Each structure stands twice: as C-alpha cells, then as structure tokens.
Amino acid sequence: MRQVTGPVSKQAWSPDKLRQQFPILQREVGGRPLHYLDNAATTFSPRCVQDAVAHYENHSRSNVQRGMHQLGIEATDAFEAARGSVARYLNAASCDEVIFTSGTTFGVNLAAHCLGQSLQSGDEIVVSQAEHHSNFVPWQQLCQHYGVRMRLIPVLANGSLDLSGLDQVITERCRVVAVSQISNVTGSITDLQTITRQARRHGALVFVDGAQAAPHGPLDVQALDADFYAFSGHKCYGPTGIGALWIRSPVLASLPPFLTGGGMIERVDIQGTRYASGYRRFEAGTPPVAQAIGLGAALDWLMTLPWRGIRAHEQALSRQLLAGLSQVGGLTLLGEAAAQDRAPIFSFDIEACHSHDICQILDGYGVALRGGHHCAQPLMQALGLVATSRASIAVFNTDADIAALLCGLHDAVETLR
Ligand code: PMP
C-alpha cells in the first residue's frame, strides 16, 4: 500500500503575483477588463497546470498501466504521481483510496450505484434539501429503483441546513447520508461533525460532496470521518473532465464495480471475471490521463499557497461585497450574514429584477456572474425562489472585481426597475 507523503514549500504570495500566473486574466470582454466571478461553476488554470498537460501531450503521450515502453512508463509515473497529489491534498491514508472520475457527478453516481445493491426495503437514504442536483438525483433514482425512502434535512429561511431535528431524520433505518460540505448556492458551510456523529450512531455511511469545498484549500478526509468524498478538477484550478472520489479503504473493499471492462480486472475467463482490488476496480477503460496529470499539478499548486493569507484576502473581498450588497434596495442575500461564517459564494435575489437580466447587464461591464437555479431546484422550491444571481470568489480575484460588480449591479437595478 503506497503511503501519502511529500513536503510542500509555500510560494511567496501577493494578489498581483498570483494573477500573473493565469494567462486568461489578460483578456478583455467587450473592450473591458475581465472580472470573473463565476468560479463556483468553473475556475481558471494557472500556467503550471497547462504546462503539465502540455508536457504529457508533447513528451510522454501514451496509455497508462500497460505500456512496456519508455513513454508508457513515463505516462504511468506521471498519472500515478497525480493520484499521490490527490491523496496528499485530501490527507487520504493511502493512494489506493483515490479513484479518478470525470468529476463530482460521476463520483456520486458511482457511489449510489455501488451502494444500491446492498439496500433492502425499509432502508432510508438522507440528503439535504440544499443539495446540487448531482448529489440529489442519483440518490433519488436509487431510492425509486430499490423502493427505499429518501428523507430530507430541511433548510432554514436563509438556505442553510436546519439540523435541529436531525435525530428525527437520521434514524436506525438510515443507510447513507449524502451532503455537500459547502453549498454552491448559499456558501453555507455544513456542520459535518454533527451529521457524521448522528450517522455513525446508526451505522450509516456518509458521502460528502466536496465540489465547493475542495477549491478552498487542502483537506483532511480522515478528520471528517466520512466514507466518501467527491470533488471536481475544474473548480480546483485543474482541467475539465477530471475529478476524484475518495473512499475509505474498508468501504472501498466492500463495493462491487461500477463500470466494467479493461483495466479493472484481475483475470477474465470464459466462465467469469475476477475483479482487481483497490481503486483499479473502479477505473475501467483508458482514463483521462492528461486531465489527471493536470489535476495533480493544480492540487500541487494549491498546496504551495499560503492559505492563511489567502483566506484573509478572500474574507476582505467578502466583507467588501457584503457591505456593497447591503446598500442595494430590495436585495435578499442567502446564507450567513458575516464573511467569517461562510464560504465566498454569494447568491442574492433582487426584487423585480430577474437574475438572467442582471447577469446579462453585468456581462456588458466585463463582470461574469451566474444566474438561475444553480442546479438546486429543491432548495429554490423551499425558499420560494425561481432563480438567484451568484458571485463566487477565487484566489485571483481582487477588490477591482468586487468594485466592478457593485458598480454594474447598481446600474442594472436602475435599468430594470
Ligand atoms: N456538487 C456541487 C455542490 C457543485 O457545485 C457542483 C458543480 N456546480 C457539482 C456537485 C457537480 O460538479 P460537476 O459538474 O463538476 O460534476
């Protein structure tokens, strides 16, 4: 079993130095500087990530885990080194617990599919009402398919989870609890400790959707006491089409495969197939090698950032944004009111202004926001909303981005009312 090791030296950091590492930040939109605040959807890659992908493509491109030649060996080494980077970033106990996926959605589907076969009638699965559809629909489908009851952790008026009745929702019938660590709509941080404690009391497994938490600094899945942790590379400064699913070793060993085919077998006979052990059982077919190498580079890069300074910077921007939003008449902000109690993801509804109109007007200012239901319609239904506008901050954002957003927003509201 390969262990997770490796020293990390921190890079000297300033917002300007950091911005220089992102080629795309040089571009303009409609003749104006780009103010990209849609990072919760997808963020940009620094040059070192692009270089790592280009190096594989131009130097070692070949298949992995089967090459008998120099290029195949180099590609496999780089691919497995990337798995090591994921394991280090998550503080997994071993690289063997890390499965490359195409992203969070794939990770949820893998877990739901593999767990389904062990469900029995009378079992229950618990998700929250604030989940992204990716961490909602696969469980809902599973419940419908196996005749199992899906129960919901409700939300408060601001969209944060209401854990006051948790012992009524997670009971002895519960087999799996699936929740996000940070909401992609409200920026609320889930109290995972309380949820895992209640799940453990009844022997339920815990699946954590880390899509919005993983971009905000190295994690410790062992301390979380969860069983599954899924995230996406493209929200973590890595390529699209890649992500990872961590599964605690004993749980991983107990699961049947998801997809079958080449690469996931120990032996195939005409009579039947013996599956490979560890993560290999879940990686059928040729994996997205270049993307995995890019993800490894992105996480290595994230581990060089001085997170104390970055968080202080993100909080200063959050305070600036919150102060500005509080000046907009008829604006309702979802999530916690104070910058230090939340992640830098801000959804708001403005009376008499549709979010699509707001986003379109702001695009004319070079400001990229997200508008809509954010793939969280059950949450929107609970809050009596159809859509919100959302600004989400990344490590390269500056006060100029927030100022541009607030300036554009005032003009948008004046135009739309
Ligand atoms: N969960 C959450 C909380 C998300 O924010 C997202 C992406 N918006 C997903 C799951 C799905 O991620 P992906 O599309 O990369 O699979």
Side-chain angles (χ1 to χ4, degrees), residues 4-26 34-40 42-53 81-82 84-92 98 181-182 187 189 192 210-224 229 231-239 243-244 246 293-322 336 338-346 391-403:
V4 181
T5 54
V8 178
S9 56
K10 301 287 178 200
Q11 57 174 288
W13 172 78
S14 75
D16 276 349
K17 261 192 175 162
L18 201 116
R19 287 179 71 79
Q20 284 162 19
Q21 299 181 43
F22 290 84
I24 198 170
L25 291 175
Q26 304 305 318
L34 169 65
H35 298 288
Y36 190 78
L37 290 164
D38 193 18
N39 297 288
T42 291
T43 193
F44 300 147
S45 288
R47 197 173 280 107
C48 63
V49 170
Q50 296 161 19
D51 289 348
V53 173
S85 298
V86 177
R88 266 196 305 286
Y89 193 73
L90 298 179
N91 193 32
V98 174
Q181 191 173 6
I182 290 177
I189 302 165
L192 285 177
Q212 295 299 339
H216 295 287
L219 297 151
D220 186 349
V221 287
Q222 297 185 67
L224 281 185
Y229 194 95
F231 71 98
S232 302
H234 65 102
K235 298 180 198 287
C236 291
Y237 308 92
W246 168 83
I293 290 169
L295 174 60
L299 299 182
D300 285 347
W301 177 80
L302 279 169
M303 285 187 278
T304 68
L305 296 184
W307 279 97
R308 196 192 294 241
I310 299 273
R311 291 210 175 97
H313 174 68
E314 284 180 347
Q315 287 207 358
L317 297 186
S318 298
R319 283 194 296 275
Q320 181 190 352
L321 178 56
L322 288 168
E336 309 305 318
Q340 70 271 15
D341 298 334
R342 55 179 298 145
I345 301 170
F346 303 88
S392 47
I393 293 172
V395 296
F396 51 71
N397 286 122
T398 63
D399 49 1
D401 296 325
I402 307 299

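Residue numbers count from 1 along this sequence. These figures come from a predicted structure and were not determined experimentally.
- Shortest non-hydrogen contact noted between F231 and C236 is CD1-SG, 3.9 Å.
- Separating the CG atom in D300 from the CE atom in M303 is a distance of 4.5 Å, to the nearest 0.5 Å.
- P215 and Y237 make their closest contact through O-CE1, 4.0 Å (heavy atoms, listed as atom of the first residue, atom of the second, distance).
- Scanning all heavy atoms of the two residues, the minimum distance from V98 to A244 falls at CG1-CB, 4.3 Å.
- Under the ring pair (Phe, Tyr, Trp, His ring centres under 6.0 Å) criterion, Y36 pairs with F44, sequence neighbours left out.
- For the atom pair CG of L25 and NE2 of H35, the computed distance is 11.0 Å after rounding to the nearest 0.5 Å.
- Counting only distance, with no hydrogens or angles, the side chain of Q181 and the backbone of L192 share no donor-acceptor pair below 3.5 Å.
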List the steps, then state whether side-chain contact (heavy atoms from CB on, under 4.5 Å) holds for L224 with L219. CA-CA 9 Å; L224 281 185; L219 297 151; 5.8 Å; no
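- Contact of the I393 side chain with the I402 side chain is registered, since non-hydrogen atoms from C-beta on lie closer than 4.5 Å.
- Without hydrogens or angle criteria, W301 side chain to G238 main chain gives no donor-acceptor distance under 3.5 Å.
- For the pair Q50 and S45, the tightest heavy-atom approach, listed with the atom from each and the gap, is NE2-O, 3.0 Å.
- Side-chain contact between F346 and S318 is present, with at least one heavy-atom pair separated by less than 4.5 Å.
- Separation of atoms CG (D38) and CD1 (I345) is listed at 10.5 Å; rounding is to 0.5 Å.
- Using a distance-only test at 3.5 Å, with no hydrogens or angles considered, a donor-acceptor pair links the side chain of S392 to the main chain of N39.
- In this view, Y229 satisfies the ring pair (Phe, Tyr, Trp, His ring centres under 6.0 Å) rule with no residue, not counting sequence neighbours.
- The two residues A297 and A52 make their nearest non-hydrogen contact at CB-CB, 3.6 Å.
- Counting heavy atoms from C-beta on, the side chains of L317 and D401 never come closer than 4.5 Å.
- Side-chain contact between L299 and L90 is absent, with no heavy-atom pair separated by less than 4.5 Å.
- Annotation for H313 and V395: closest pair CD2-O, 4.0 Å, computed over non-hydrogen atoms.
- R47 CZ to Q20 CD: the interatomic distance, rounded to the nearest 0.5 Å, is 9.0 Å.
- For residues 212-224, the side-chain hydrogen bond (donor to acceptor under 3.5 Å, both in side chains) pairs, not counting sequence neighbours, are N91-D220.
- Listed for the Q320 side chain is a donor-acceptor partner under 3.5 Å among the backbone atoms of D399.
- Between the CG atom in N397 and the CZ atom in R19 there is a gap of 7.0 Å [rounded to 0.5 Å].
- When each of T43, L295, T42 is tested with H234 by the rule side chain to side chain contact (heavy atoms under 4.5 Å, CB included), just one qualifies, namely T42.
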